[in-house]
*Asks:* 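Sharing a structure here in structure tokens format.
All figures in this text were calculated on a predicted structure; none of them were measured in a lab. In what follows, chains carry the letters A, B, and so on, assigned in the order in which the sequence lines appear, proteins first and then strands, with residues in each chain numbered from 1.
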Number of protein chains: 2
Amino acid sequence: MKSDPTSKPEPKSDLSAQIAKAIRDAIIEGRMIVDERLPSEAELAEQFNVSRPTVREALKRLAAQSLIRTQRGAFGGAFVNRLSYSEAYGQQITTATLLLSMNDVSFDVACEARYALERACAPLSAQRCTPDLLASMRAEIHRQGQPGLSDEGFCASDVAFHRALVDGAGNPVLSYQLAGAIEAMQPLMNMITFTARSRGAIIALHTRIADALEAHDATAADIALQELEQYTLRLGQDVMAARNKA
Amino acid sequence: MKSDPTSKPEPKSDLSAQIAKAIRDAIIEGRMIVDERLPSEAELAEQFNVSRPTVREALKRLAAQSLIRTQRGAFGGAFVNRLSYSEAYGQQITTATLLLSMNDVSFDVACEARYALERACAPLSAQRCTPDLLASMRAEIHRQGQPGLSDEGFCASDVAFHRALVDGAGNPVLSYQLAGAIEAMQPLMNMITFTARSRGAIIALHTRIADALEAHDATAADIALQELEQYTLRLGQDVMAARNKA
DNA sequence: TGCCCGGAAAATGTCAGACCTTTAAACGTC
DNA sequence: GACGTTTAAAGGTCTGACATTTTCCGGGCA
């Protein structure tokens, strides 16, 4: 008996959740290190005094958070997973997207958050932006000017442009944090119909931003970003106004 | 047979993962709305042609991401969950903490990301900060000055101070994004031994920040934050240097 | 001696069926 | 009409079994 009943502050049932929590805590507190193998399902079942399906449910919970990975076969089992940036990006984006879509977050609030965060990276990007990231940004700008590009395509390219901007800061932690903020805006942006005129205005601002970064001019980049925020905000408000009328 | 084998781009087995993905996509794409009830486990098992334990594993995966909630009893079942801010905070913090601890992110990089993001909120906080949030900040500053406070306690209070700062921006999306950045730094900060002298310096800077916000002076707040960043960075580098020597 | 192949073993993946517990709606009684 | 009781639906858990995958070890053959 590993888990004495006296130390359970969570009397509510659901054994698999309790077991998942116990293992998760062990990982977070560093009692289990990366790539360490967990006991087999049968052993865990014995340790926690539950059946194997219950243990499996707990392990699936952890797998869903990318905390462990499992491997079949003779020397397989569950291993503590090194959380990669790409996995973290994915979770971040999923969570942020759902948070926005399920809590009727207003366009204004989401927009404000996104641009506040992006403006935080701009000075670093202006300082460190690499040629290939600048090239990516120019490529996206070019794509945005293609005639016949759908609104969804324009939005996707916009997202790619802004992700290149934050990646330019050369700080992977920052990139990870911003991935959610930027990607989660896409569904909201997709509601906007981009006219040729508004596309032109956005492309012009994107160009100004890229130029400023290339010139290592943080102030100019910040001003252009502020203008882009104002412009985006206005586009969004127009859509909202049109919607409320209908 | 609902899932024809031809349309599976993921030939690798693991039925519960496939089923979880199918349901998750349905939720993300809006085919299932908040509070909608999923079919019962038995019905899902029949639909997907799998056994009930397999369905349950899939549901646990979704529950781990707070995408669904389950309820026992007669009209119970699994329901699409409205992802609350507090749930999102929790996931964000867990993921960010693990990301930092498992990828030997340097103190410098984490610190830079954190302060870049915080500085993004400062102008908004200076504009909107409410009296009760200011009071929270003052209370934390006071606690930080208590003699006999442990290093862990000092760090915890530091985190609380900074969270109040970002909450002051009055933008829940921003607060959510920053929760991870701030909380994930705590383990790194806990490695630092805070002398009476360094505590005094930090408290002085915290006071300057609070004063600036109260005076709605965004520039002064930004400058104080920059100084705090520099100071924190130096403390961290000293610790790293001492460690490498040992 | 050295290489290849096949079986054993260990672990996860899946299934089937049963029982318990919880919960709320439906029913009947006063 | 209000209140307690029954009952059925659904999730939570257990037992046991079989399938599948992968590694390792040992034996046969050149």
*Asks:* To the nearest Å, give me how far apart CG (B:Asp14) and P (D:dT20) are.
*Replies:* 15 Å
*Asks:* Do the side chain of A:Asn81 and the main chain of A:Leu67 share a donor and acceptor less than 3.5 angstrom apart?
*Replies:* no
*Asks:* Taking only N and O in the side chain of A:Ser40, is any of them less than 4.0 Å away from OP1 or OP2 of C:dA10?
*Replies:* no
*Asks:* Can you pull the salt bridge (Lys or Arg N to Asp or Glu O under 4.0 Å) pairs that have at least one residue in residues 84-101 of chain B, sequence neighbours excluded?
*Replies:* none
*Asks:* When the C1' atoms of the five terminal pairs at each end define the local axes, what inter-axis angle does the helix from C:dT1-D:dA30 to C:dC30-D:dG1 show, to 10 degrees?
*Replies:* 10°
*Asks:* Can you tell me the distance, in whole Å, between the CD atom of A:Glu41 and the C1' atom of D:dG16?
*Replies:* 15 Å
*Asks:* Could you give the CD-to-C1' distance, from A:Glu43 to C:dT12, as a whole number of Å?
*Replies:* 13 Å
*Asks:* Name every residue in residues 51-65 of chain A that has at least one heavy atom under 4.0 Å from any atom of DNA chain C, in order of residue number, or write none if there are no such residues.
*Replies:* A:Arg52, A:Arg56, A:Lys60
*Asks:* Can you tell me the distance, in whole Å, between the CD atom of A:Glu46 and the P atom of D:dG16?
*Replies:* 14 Å
*Asks:* Nearest whole Å is fine: how far is C:dG13 P from B:Gln18 CD?
*Replies:* 13 Å
*Asks:* Among all residues two or more places apart in sequence or in another chain, which pass the salt bridge (charged side-chain N to carboxylate O under 4.0 Å, His left out) test with A:Arg69?
*Replies:* A:Asp35
*Asks:* How would you list, by chain and number, every residue that makes a side chain to side chain donor-acceptor pair (under 3.5 Å) with B:Arg56, sequence neighbours excluded?
*Replies:* A:Glu57, B:Glu41
*Asks:* Expressed as a whole number of angstroms, how long is the span from B:Arg69:CZ to D:dG12:P?
*Replies:* 13 Å
*Asks:* Who passes side chain to side chain donor-acceptor pair (under 3.5 Å) against B:Ser157, sequence neighbours left out?
*Replies:* B:Glu140, B:Gln144
*Asks:* Report the distance from atom CZ of A:Phe48 to atom C1' of D:dG12, rounded to the nearest whole Å.
*Replies:* 18 Å
*Asks:* Using modelled atom types and a 3.5 Å cut-off, is there a donor and acceptor pairing between side-chain atoms of A:Glu152 and backbone atoms of A:Asn190?
*Replies:* no
*Asks:* Using the test side chain to side chain donor-acceptor pair (under 3.5 Å), find all partners of A:Glu183 that sit at least two apart in sequence or belong to another chain.
*Replies:* A:Arg163
*Asks:* Would you classify B:Arg37 as touching base, sugar-phosphate or nothing, given that sugar-phosphate means primed atoms plus P, OP1 and OP2, and contacts are heavy atoms under 4.0 Å?
*Replies:* sugar-phosphate
*Asks:* Mind jotting down which residue pairs meet the ring pair (Phe, Tyr, Trp, His ring centres under 6.0 Å) criterion with at least one end in residues 158-181 of chain A? Sequence neighbours excluded, please.
*Replies:* A:Phe161-A:His206, A:His162-A:His206
*Asks:* Using the 3.5 Å cut-off, write out each protein N or O paired with an N or O of nucleotides 21-26 of chain D and the distance between them.
*Replies:*
unit_1 : atom_1 : unit_2  : atom_2 : d
D:dT22 : O2     : A:Ala74 : N      : 3.0

*Asks:* Who pairs with A:Asp238 by salt bridge (charged side-chain N to carboxylate O under 4.0 Å, His left out), at least two apart in sequence or on another chain?
*Replies:* none
*Asks:* Among residues two or more places apart or on two chains, list those pairs meeting salt bridge (Lys or Arg N to Asp or Glu O under 4.0 Å) that have a residue in residues 94-105 of chain B.
*Replies:* none
*Asks:* Using side chain to side chain donor-acceptor pair (under 3.5 Å) as the criterion, list what pairs up with B:Ser101, not counting sequence neighbours.
*Replies:* none
